[in-house]
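Everything below concerns the one structure shown next.
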Amino acid sequence: MIVVVAGRQALAAQSNRTMWIALGVGVLITLAGLVLVPRVRSASDSATPAPRP
């Protein structure tokens, strides 16, 4: 969400092809991070050994 807000402000100040590419890359990085974080957490949870009784 913050990427979109920052992108809109940047485009309002100076709208050119470089800014559009930077906004697109920022959105892709944000989406990739949102997809990868749950996978990393679940992998670390499954790697944790269960406590012994």
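Distance CG/L31 to CG/L36: 11.0 Å, rounded to 0.5 Å. Here the CG-CG distance, from L23 to L28, works out to 9.5 Å after rounding to the nearest 0.5 Å.
In terms of the side-chain contact (heavy atoms from CB on, under 4.5 Å) criterion, residue partners of I21 (sequence neighbours excluded) are, by chain and number, R17, V25.
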